[in-house]
Trainee: 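Dumping the structure here so I can ask a few things about it.
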Amino acid sequence: MRPILFAACLSLITAPAFAAGSEDSTPPQKTKTSTTCTDGQVWDEQKQACAEAESSSLDDDALYGAARELAYHGNPQAALSVLAAMDAQNTARVHNYRGFALRKLGRLDEAMAQYETALALDPDYILARSYMGQAYLELGDFAGAHGQLLEIRNRGGRDTWAYVSLRQAMRGNPTY
């Protein structure tokens with residue numbers, strides 16, 4: 001009984017450490033993008049200055065990281081601007097994170113459309129399923145959220161941030 005109780009307690013302690021917008025457990029750290037730059041600009045290491053996302057020297061992966069950082073630290077509108085500067089627009093991760101930012105802005109119908117597009121591109125993208133489930137909860141559709149939780153589990157994601165985050169939200173606990 002003690003090992004089970006210990007494992008349950010450990011999962012409660014470590015679960016909040018998982019980060020939104022990521023498949024790992026590391027929250028995005030604040031950088032000069034979120035502490036110095038304004039209006040959707042990003043910190044460009046090469047220029048050693050804030051720059052418009054589309055004129056920066058950052059590649060799509062770095063822009064995606066900047067968008068994630070901005071949304072995580074309370075600036076989803078700027079995150080949308082940075083996502084728009086990425087070259088590869090029609091990817092599951094861009095549609096998913098655009099949905100995340102739109103949801104944080106309260107634009108749930110637009111967010112759901114982005115999650116649906118992400119899942120059409122990659123039905124196994126469990127993070128999109130988690131965020132879609134959280135949007136369902138915001139819309140008052142517990143059954144829709146539960147359906148996404150089951151999809152995550154059935155696609156092998158039971159021990160992932162996507163599953164834990166949605167489960168926490170379904171229990172009324174805040175998530176990012």
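Here, residue 1 is the first one in the sequence, and each next residue gets the next number. Owing to the predicted nature of the structure, the values given are computational and were not obtained by experimental measurement.
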Trainee: Give me the atom names and distance for the closest heavy-atom approach of P28 to R68.
Mentor: CD-NH2, 3.4 Å
Trainee: Just do the side-chain contact (heavy atoms from CB on, under 4.5 Å) check on C50 and T33 with the steps written out, would you?
Mentor: CA-CA 7 Å; C50 294; T33 292; over 6 Å; no
Trainee: Any heavy-atom pair between the side chains of D44 and S55 that's under 4.5 Å?
Mentor: no
Trainee: Checking the side chain of D60 only, and the main-chain atoms of D87 only, is there a donor and an acceptor separated by less than 3.5 Å?
Mentor: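 Present.
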Trainee: Does the cation-pi check pass for R93 over Y64, that is, NZ or CZ under 6.0 Å from the six-membered ring centre and within 45° of its axis?
Mentor: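 Judged by the rule (NZ or CZ under 6.0 Å from the ring centre, within 45° of its axis), R93 counts as positioned above Y64.
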Trainee: Could you check if a side-chain atom of R98 sits within less than 4.5 angstrom of a side-chain atom of Q89, using non-hydrogen atoms only?
Mentor: yes
Trainee: Can you see which heavy atom on L63 is nearest to which on S56, and at what distance?
Mentor: CD2-OG, 4.0 Å
Trainee: How about Y136 and F142: are their ring centres within less than 6.0 Å of each other?
Mentor: no
Trainee: Just by distance, with hydrogens left out, do Q114 and R107 show a side-chain donor and acceptor under 3.5 Å apart?
Mentor: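 No.
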Trainee: Return the CE to CG distance between M132 and L149, rounded to the nearest 0.5 Å.
Mentor: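 If we round to the nearest 0.5 Å, M132:CE and L149:CG are 14.5 Å apart.
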Trainee: Y115 and side chain to side chain donor-acceptor pair (under 3.5 Å): which partner among R103, Q148, R129?
Mentor: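 Considering R103, Q148, R129, a side chain to side chain donor-acceptor pair (under 3.5 Å) with Y115 is found only for R103.
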Trainee: Heavy atoms, side chains only, cut-off 4.5 Å: are S57 and K47 in contact?
Mentor: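 No, their side chains stay 4.5 Å or more apart.
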Trainee: Main chain of L150, side chain of N154: is a donor-acceptor contact present, judged purely on distance under 3.5 Å?
Mentor: yes
Trainee: Take M112 and L139 through the side-chain contact (heavy atoms from CB on, under 4.5 Å) test and state the conclusion after the steps.
Mentor: CA-CA 10 Å; M112 290 300 274; L139 291 167; 4.2 Å; yes
Trainee: Is it the case that atom CG in D109 sees more than 12 heavy atoms from other parts of the structure closer than 6.0 Å?
Mentor: no
Trainee: Could you grab the distance from atom NE2 of H73 to atom OG of S34, nearest 0.5 Å is fine?
Mentor: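 Separation between the atoms: 5.0 Å.
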Trainee: Nearest 0.5 Å please: distance from the CG atom of L102 over to the CD atom of E110.
Mentor: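 Rounded to the nearest 0.5 Å, the CG-CD separation comes to 5.5 Å.
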Trainee: Work out which heavy atom in T91 is nearest to a heavy atom in L121; give both atom names and the distance.
Mentor: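 Smallest heavy-atom distance, with atoms named: C-CD1, 3.7 Å.
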Trainee: What's the spacing between S165 OG and I126 CD1 if we round to 0.5 Å?
Mentor: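 Rounded to the nearest 0.5 Å, the OG-CD1 separation comes to 11.0 Å.
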Trainee: Looking only at atom types and distance, does a side-chain atom of Y72 sit under 3.5 Å from a main-chain N or O of K30, one as donor and one as acceptor?
Mentor: no
Trainee: Are side-chain heavy atoms of Y125 and N96 found at a separation under 4.5 Å?
Mentor: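 In contact.
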Trainee: Of the non-hydrogen atoms in L83 and Y97, which two are nearest, and what is the gap between them?
Mentor: CD1-C, 3.8 Å
Trainee: Any non-hydrogen side-chain atom of V42 less than 4.5 Å from a side-chain atom of C37?
Mentor: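 Heavy-atom side-chain distance check fails, nothing below 4.5 Å.
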Trainee: Would you indicate whether the side-chain heavy atoms of L80 and L105 approach each other to under 4.5 Å?
Mentor: yes
Trainee: May I ask you to test the R158-I152 pair for a side-chain heavy-atom distance under 4.5 Å?
Mentor: no
Trainee: Would you find a donor on one side and an acceptor on the other, under 3.5 Å apart, between the side chain of S130 and the backbone of L127?
Mentor: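 Checking the backbone N and O of L127 against the side chain of S130, no donor-acceptor pair under 3.5 Å is found.
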Trainee: So which heavy atom on A118 is nearest to which on A128, and how close?
Mentor: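 Taking A118 first and A128 second, the nearest heavy atoms are CB-CB, 4.1 Å.
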Trainee: Can you classify the ring geometry of Y131 versus F100 as parallel (below 30°), tilted (30 to 60°) or perpendicular (above 60°)?
Mentor: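 The arrangement is tilted - the two ring planes meet at 30° to 60°.
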Trainee: For D39, I'd like to know if atom CG has over 12 heavy atoms of other residues, nucleotides or ligands within 6.0 Å.
Mentor: no
Trainee: Kindly compute the distance separating CZ (R171) from CG (L166), expressed to the nearest 0.5 Å.
Mentor: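 One gets 10.5 Å once the value is rounded to the nearest 0.5 Å.
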Trainee: With the 4.5 Å side-chain cut-off for hydrophobic clustering, are W43 and V82 part of the same group?
Mentor: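 Different clusters: W43 never reaches V82 through Ile, Leu, Val, Met, Phe, Trp or Tyr contacts under 4.5 Å.
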Trainee: So, for A111 and G99, which heavy atoms are closest and what is the spacing to 0.1 Å?
Mentor: CB-O, 3.3 Å
Trainee: Can you confirm whether L119 sits close enough to H95 that some side-chain heavy atom of one is under 4.5 Å from a side-chain heavy atom of the other?
Mentor: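 Contact flag for L119/H95 side chains = no.
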